[in-house]
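Values reported hereafter were calculated over all heavy atoms of this structure, with side chains retained and with hydrogens, waters and symmetry mates removed. Here, residue 1 is the first one in the sequence, and each next residue gets the next number. Fair warning: this is a prediction, and the values are worked out from it, not measured in the lab. When a ligand or atom number is given, it counts from 1 through the structure's own listing order.
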Amino acid sequence: MKAIITGITGQDGAYLAELLLEKGYTVYGTFRRTSSVNFWRIEELGIDKHPNLHLVEYDLTDLSSSIRLIETTEATEVYNLAAQSFVGVSFEQPLTTLDITGAGAVNLLEAIRIVNPKIRYYQASTSEMFGKVQAIPQIETTPFYPRSPYGVAKLYAHWMTINYRESYDIFGSSGILFNHESPLRGREFVTRKITDSVAKIKLGQLDVLELGNIDAKRDWGFAKEYVEGMWRMLQADEPDVFVLATNRTETVRDFVTLAFRAVDVELVWEGSGDREMAIDSATGKVVMRVNPKFYRPAEVDLLIGNPQKAKEKLGWEPKTSLEQLCRMMVDADLRRNQQGFSF
Ligand code: NDP
Ligand code: GDR
């Protein structure tokens, strides 16, 4: 059992590598050449020196590099997790996002078609493809309406995966994953930005957390459980499309409340719109305020997914509640900030 994971330096790549190593796979995890590569996630999981983990330099935008990767590793499963995955940045860098997040997937599909069409391929699709949602909750057959260059690029990769399945009989499955978070989440994403800031405020290292649209509603699950779903998709008899989600949605504001509650701070909310803020009820200090600089040109207002198909066909279901997830993230950030480092 040999698997390639593109994007092993990311949140999901690290958890998936841990899972596959536990299952006895040899894992080829790809990373990009940068001036200082950061392996903090696989180090935190304690798998960076695992004898069956091979770190391979690779860029998804390079077809020849993709062909070599498939050829030299002789992998039987490919999990394409690499992406420019930050929605906010995709508005500033739409073409780079298209190259990596959209066309990059086709480099891998082409390499599979050329080198070994028997390889099973997982595409990291996203609830961002539903964008301006056409139904509540969203399921596999809900029409798509992406609202960002990221969402549009992911939709292209999603359909190309289906196209390669139908045209060349390649086992390509897409997981339409709703937001999934963890202590390994990047700090640019809202949940981790919140938990890291709450930890810093608790420790007296920061005064106030600034956020953009706190009315946005998201369906947040625990990343470690979602990578198990990815693996199950590639063990199924047939390639398919599956939604992984919790079927619960909350606002960013609710997540802020939960995170402060995890450090025993109850909030009082004041103002509205651009002037909304949250005050520590015990001290009277402003600990969160809205800053319009974090607004996006177009927003996804509400996401909530029904994972019934994954439950029935893959036996997958989420287990960790949002309260548990939030507390786990705040605890990890308290520990890291106490120790004086936080990635
Ligand atoms: P991260 O942003 O944490 O990780 C993305 C990974 O892609 C990093 O390892 C990054 O490397 C790598 N990468 C970026 N550009 C390239 C490139 N040109 N060539 C090779 N590797 C590259 O994302 P997540 O782990 O959160 O998500 C994994 C995948 O799932 C992504 O495709 C994301 O879009 C998708 N997804 C995520 C969801 C979520 O809620 N987390 C929900 C639905 C889909 P580097 O460290 O060098 O930047
Ligand atoms: P999202 O995640 O765009 O859903 O994409 P993100 O955490 O960035 O935003 C969630 C919501 O929070 C609002 N928001 C802020 N977001 C950030 N990052 N920073 C802020 O200060 C802030 N204030 C409010 C956003 O406007 C948004 O509505 C994530 C990524 O992992 C994608 O790769 C993935 O495909 C989707 O989840 C599912």
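At a heavy-atom cutoff of 4.0 Å, ligand 2 is contacted by the side chain of Phe294 but not by its backbone. Contacts with ligand 1 closer than 4.0 Å are made by side-chain heavy atoms of Ile100 only, the backbone lying farther away. Residue contacts with ligand 1 for Glu128 are absent, since no atom lies close enough (heavy atoms, distance under 4.0 Å). With a 4.0 Å heavy-atom cut-off, ligand 1 is reached by the backbone of Ser125 but not by any atom from C-beta on. Under 4.0 Å from ligand 2, the heavy atoms of Tyr150 that appear belong solely to its side chain.
Counting protein heavy atoms only, atom 13 (C) of ligand 2 is closest to Asn213 O, 3.8 Å. Counting protein heavy atoms only, atom 26 (O) of ligand 2 is closest to Glu299 OE2, 2.6 Å. Residue, atom and distance of the protein heavy atom nearest to atom 8 (C) of ligand 1 are Thr9 OG1, 3.5 Å. Protein heavy atom in closest approach to atom 32 (C) of ligand 2: Ser85 O, 3.3 Å. Given atom 19 (N) of ligand 1, the protein heavy atom at minimum distance is Leu60 N, 2.9 Å. Counting protein heavy atoms only, atom 25 (O) of ligand 1 is closest to Asp12 N, 2.8 Å. For atom 20 (C) of ligand 2, the closest heavy atom belonging to the protein is Lys193 NZ, 3.7 Å. Given atom 5 (O) of ligand 2, the protein heavy atom at minimum distance is Val87 CG2, 3.6 Å. Looking only at heavy atoms of the protein, atom 34 (O) of ligand 1 is closest to Tyr150 OH, 2.6 Å. Scanning the protein for heavy atoms near atom 7 (O) of ligand 2, the closest one is Val190 N, 2.8 Å. Regarding atom 1 (P) of ligand 1, its nearest protein heavy-atom neighbour is Ser85 OG, 3.7 Å. For atom 39 (C) of ligand 1, the closest non-hydrogen atom of the protein is His180 CE1, 3.3 Å. Of the protein's non-hydrogen atoms, the one nearest atom 37 (O) of ligand 2 is Asn179 ND2, 3.1 Å. With hydrogens left out, the protein atom closest to atom 6 (C) of ligand 1 is Gly7 CA, 3.8 Å, a heavy atom. Here the heavy atom of the protein found nearest to atom 14 (C) of ligand 1 is Ala83 O, 3.2 Å.
Here the shortest heavy-atom distance to atom 29 (C) of ligand 2, taken over Lys293, Arg185, Arg218, belongs to Arg185. Scanning Ala82, Ser182, Ser65 for the heavy atom closest to atom 21 (N) of ligand 1 points to Ala82. Counting heavy atoms only, Arg32 comes closest to atom 48 (O) of ligand 1 of the residues Arg33, Arg32, Gln123. Looking at Arg185, Met129, Arg41, it is Arg185 that brings a heavy atom closest to atom 41 (N) of ligand 1. Taking only non-hydrogen atoms, the option from Lys154, Glu188, Lys217, Arg296 nearest to atom 8 (O) of ligand 2 is Arg296.
Put simply, no part of Thr6 is less than 4.0 Å from ligand 1, judged by heavy atoms. Using a 4.0 Å cutoff on heavy atoms, Phe86 counts as a contact of ligand 2. Note on ligand 2: Ser127 sits in its first shell, one or more heavy atoms being nearer than 4.0 Å. Under a 4.0 Å heavy-atom criterion, Ile214 is not in contact with ligand 2. Heavy-atom distances between Asp59 and ligand 1 reach below 4.0 Å in at least one pair. Residue contact annotation: Gln11 has no non-hydrogen atom under 4.0 Å from ligand 2.
Open room surrounds OH on Tyr145; 12 or fewer heavy atoms of other groups in view lie less than 6.0 Å from it. Residue Gln134 qualifies as enclosed at atom CD: its count of foreign heavy atoms under 6.0 Å is above 12.
Between His158 and Phe144, the ring planes lie perpendicular to each other; the angle is over 60°, past the 30° to 60° tilted range.
Using a 4.0 Å cut-off between charged nitrogen and carboxylate oxygen, Arg335 and Asp331 do not count as a salt-bridge pair. Taking the charged nitrogens against the carboxylate oxygens, Glu44 and Arg336 do have a contact shorter than 4.0 Å, which makes a salt bridge. A salt bridge is defined here as a Lys NZ or Arg NE, NH1 or NH2 lying under 4.0 Å from an Asp or Glu carboxylate O, and Lys293 with Glu210 fails to meet this definition. Salt-bridge check for Glu250 with Lys217: failed, with every basic side-chain N at 4.0 Å or more from each acidic carboxylate O. A salt bridge does not link Arg68 to Glu71: none of the charged side-chain nitrogens sits closer than 4.0 Å to a carboxylate oxygen. Here Glu228 pairs with Arg232 in a salt bridge; the nearest charged N to carboxylate O distance falls below 4.0 Å. Note on Lys311 versus Glu317: salt bridge recorded, some NZ/NE/NH1/NH2 to OD/OE distance being below 4.0 Å. The residues Lys202 and Asp264 are annotated as not salt-bridged, no charged nitrogen and carboxylate oxygen being separated by less than 4.0 angstrom.
Between Thr126 and ligand 1, no pair of N/O atoms sits closer than 3.5 Å. Residue Lys154 has at least one N or O atom closer than 3.5 Å to an N or O atom of ligand 1. Between Phe189 and ligand 1, no pair of N/O atoms sits closer than 3.5 Å. Any N or O atom pair closer than 3.5 Å counts here, and Thr34 shares no such pair with ligand 1. No N or O atom of Thr30 sits closer than 3.5 Å to an N or O atom of ligand 1. For the pair Gly212 and ligand 2, the shortest N or O to N or O distance falls below 3.5 Å. Considering backbone and side-chain atoms alike, Thr61 places every N or O at 3.5 Å or more from each N or O of ligand 1. Between Thr191 and ligand 2, no N or O atom pair is found at a separation short of 3.5 Å.
Near Ala124, the atoms of ligand 1 lying under 4.0 angstrom from a non-hydrogen atom of the residue are 29 (C), 30 (O), 32 (O), 35 (C). Proximity to Leu177 (heavy-atom distance under 4.0 Å) selects the following atoms of ligand 1: 42 (C), 43 (C).
Side chains of Ser65 and Asp59: a donor-acceptor N/O pair is absent below 3.5 angstrom, by distance only. Side chains of Ser66 and Tyr58: a donor on one and an acceptor on the other come within 3.5 Å. Side chains of Glu225 and Thr320: a donor-acceptor N/O pair is present below 3.5 angstrom, by distance only.
In this structure, Lys224 fails the cation-pi test against Tyr15, since its NZ or CZ atom is not both closer than 6.0 Å to the six-membered ring centre and inside 45 degrees of the ring normal.
With rounding to the nearest 0.5 angstrom, the NZ atom of Lys285 is 6.5 Å from the CG atom of Asp207.
Annotation: side chain of Val243 is not in contact with side chain of Asn306 (no heavy-atom distance under 4.5 Å). Counting only heavy atoms from C-beta outward, the side chains of Gln11 and His180 approach each other to under 4.5 Å. Within the 4.5 Å cutoff, side-chain heavy atoms of Phe294 are placed close to those of Lys193. Between Leu16 and Val27, every side-chain heavy-atom pair lies at or beyond the 4.5 Å cut-off.
In this structure a side-chain-to-backbone donor-acceptor pair under 3.5 Å is missing from Asn179 to Trp220.
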